[in-house]
Structure formats: structure tokens, C-alpha cells
S.K.: 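Below are the C-alpha cells for one structure; questions will follow.
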Amino acid sequence: MERAFNICFSPQFCVFAAAMLFLVPLPWVIGWFAAVVIHEVFHCIALFLCGKTVYGICVGIDGAKIFAEDLNWGQTVFCALAGPAGGLMLILAVEVFPQLAVCGLLQSVYNLVPVFPLDGGRAFQGAMHLLFQEEIAGKLCTVVEILTCLCVLAVGVACTWIWNLGFLPFILVVAFVLRVRK
């Protein structure tokens, strides 16, 4: 029996999007939303190229989750990197829509951080499982995630206390580390 394709938005995402409309100029909101859509479309194109069926997408405050058939490790690497690749291609639109280019660049750089569940973490995990036995791959992924989180925390501390940029960088870094470690 064929499954229906579903799209859902969490209530938290809807509140966040509404707040953005009040707090951020409209061209930046449009650029951000368009970059998100293009990012997810590139993931779906990659899944299609791998012969997989996409059953739905759920957008939440902490990102989007695509529901599809299971992937092997090689397909995981390809599909995980497809979204950030699509976002990086938006740099080509900098002359026409600079907000879209900036949002695509920032989303791609963020998503390429090698920490699960981000795309970079999924790609790194897939690559390690292709190159090493499962036990070694798991340990390598854990070490890289911990080192990455420590580096991000160090940047947050430096931004807040050394460069006196206020508490927002530290709060954002702590939120990031808490998100990826849950």
C-alpha cells in the first residue's frame, strides 16, 4: 500500500517564524525560508537519485526531518552533503538576492559541523563507517563530536568574555551544544 506524503510544522516553529516576521526585515525572512526550502529540496533530490521514497517532512524549531526509506552508509554521506551543497550554490545568487546567498551560506556552514544530528555529523558518521569497522567508527565519531563541541564552547567563551560581545554568543553556543548532545 502506498504511503501518503505528509508535511508538518511544529507549533514551536510557527511561533518562531511569526516572531521572525516581527523582528527581522522581510527580505531576510524570505531569504532564510527560501534557503531552508532549497536545502531540504536538495536532500530530497539526493534521496530520489538513490532510488529512495520520501514519505514526508516535518519542520520543527531545531530543523527539518525528512522521512524516507533507510539508507546505506554511502547513500547517507551523499544525501547528508546534498543539502549543504544546495545552500552553498545559493552564493551564485548574491548579485540578485544577497539575503538568500548569505542565509544559504550560513545554513550550510552550520549544517556541515561534524556533530550528529547535523548533516556534517551524518556525513562524517557515514564516512567513518565506510572506512572503519563499526566499533572504531563509533569511537571516532564520539571523539570528533566531543572535540567539536569543546571548540564551539571555547569560541563562545572567547566571544563573550575575551572579545566582550555580550552574553548572546555564549547562550547560542550552549544552546547548540545542548541540542546536539541530547
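The figures that follow rest on heavy atoms only: side chains count, while hydrogens, waters and symmetry mates do not. Just so we're clear, the structure is a prediction, and the values are computed from it rather than from any experiment.
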S.K.: Examine W32 together with F16 and report whether their ring centres are nearer than 6.0 Å.
M.R.: yes
S.K.: Check for a donor-acceptor pair, side chain of T76 on one end and backbone N or O of G126 on the other, with a separation under 3.5 Å.
M.R.: no
S.K.: Roughly how far, to the nearest 0.5 Å, is CZ of F116 from SG of C141?
M.R.: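 These two atoms lie 10.0 Å from each other.
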S.K.: Any idea which heavy atoms bring V173 and L153 closest together, and the distance?
M.R.: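 Result for this residue pair: CG1-CA, 3.5 Å.
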S.K.: Would a single hydrophobic cluster contain both F33 and I7, if residues Ile, Leu, Val, Met, Phe, Trp and Tyr are joined by side-chain heavy-atom contacts under 4.5 Å?
M.R.: yes
S.K.: Should F48 and V54 be marked as a side chain to side chain contact (heavy atoms under 4.5 Å, CB included) after you check the CA-CA gap, both sets of side-chain angles, and the distance that decides it?
M.R.: CA-CA 8 Å; F48 175 75; V54 177; over 6 Å; no
S.K.: Where do C44 and I57 come nearest, in terms of heavy atoms and distance?
M.R.: SG-CD1, 4.0 Å
S.K.: Is there a path from L140 to V115 through hydrophobic residues (I, L, V, M, F, W, Y) whose side chains come within less than 4.5 Å of each other?
M.R.: no
S.K.: Where the side chain of Q75 meets the backbone of N72, is there a donor-acceptor pair that is under 3.5 Å apart?
M.R.: yes
S.K.: Say you draw a straight line from CG of L112 to CG of L81; how long is it, rounded to the nearest 0.5 Å?
M.R.: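 Answer rounded to 0.5 Å: 6.5 Å.
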S.K.: I need the minimum non-hydrogen distance between R122 and A80, along with the two atoms involved.
M.R.: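 It is CB-CB, 3.9 Å.
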S.K.: Quick check for you: to the nearest 0.5 Å, what is the distance between M128 atom CE and T142 atom OG1?
M.R.: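 Atom-to-atom, M128:CE and T142:OG1 are 12.5 Å apart.
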S.K.: So, H39 side chain and G83 main chain: donor-acceptor pair closer than 3.5 Å or not?
M.R.: yes
S.K.: To the nearest 0.5 Å, how far apart are CZ in F78 and CG in L49?
M.R.: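 Separation between the atoms: 5.0 Å.
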S.K.: Do Y110 and L88 sit in one hydrophobic cluster, given that two such residues count as connected whenever their side-chain heavy atoms are within less than 4.5 Å of each other, even indirectly?
M.R.: no
S.K.: If you take all heavy atoms of T53 and E69, which pair is closest and at what distance?
M.R.: N-OE1, 2.9 Å
S.K.: Out of L150, V144, I146, which residue meets the side-chain contact (heavy atoms from CB on, under 4.5 Å) rule with T148?
M.R.: V144
S.K.: Between K52 and D70, is there a donor-acceptor pair closer than 3.5 Å when you use the side chain of the first and the backbone of the second?
M.R.: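 A pair under 3.5 Å: yes.
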S.K.: Is the shortest heavy-atom distance from the side chain of L105 to the side chain of L90 under 4.5 Å?
M.R.: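 No. Closest side-chain heavy atoms not under 4.5 Å.
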S.K.: Between I136 and W73, is there a shared hydrophobic cluster once you connect ILVMFWY residues whose side-chain heavy atoms come closer than 4.5 Å?
M.R.: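 Not linked; separate clusters.
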S.K.: Do H43 and D119 pass the side chain to side chain contact (heavy atoms under 4.5 Å, CB included) test, and can you show the C-alpha distance, the side-chain angles, and the key distance before you say yes or no?
M.R.: CA-CA 10 Å; H43 282 308; D119 294 331; 3.1 Å; yes
S.K.: Is the distance between the SG atoms of C8 and C58 less than 2.5 Å?
M.R.: yes
S.K.: Establish whether V155 and V152 are linked, either directly or via other cluster members, by ILVMFWY side-chain heavy-atom contacts under 4.5 Å.
M.R.: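 Cluster IDs for V155 and V152 differ.
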S.K.: Is there a side-chain contact between V102 and V94 in this structure, where contact means two heavy atoms from C-beta onward sitting under 4.5 Å apart?
M.R.: no
S.K.: Specify the closest pair of heavy atoms between C50 and C79, including all atoms of both residues, with the distance to one decimal.
M.R.: SG-SG, 3.8 Å
S.K.: Output yes when a side-chain donor or acceptor of E145 lies under 3.5 Å from a complementary backbone atom of P114, and no otherwise.
M.R.: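 Flag not set: sc E145 to bb P114 has no pair under 3.5 Å.
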S.K.: Is any side-chain heavy atom of V157 closer than 4.5 Å to one of I162?
M.R.: no
S.K.: Could you report the tightest heavy-atom contact between A82 and F42, atom names first, then the distance?
M.R.: O-CB, 3.3 Å
S.K.: Measure the spacing between CG of L100 and CD1 of I30 and express it to the nearest 0.5 Å.
M.R.: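 Between atom CG of L100 and atom CD1 of I30 there are 10.5 Å.
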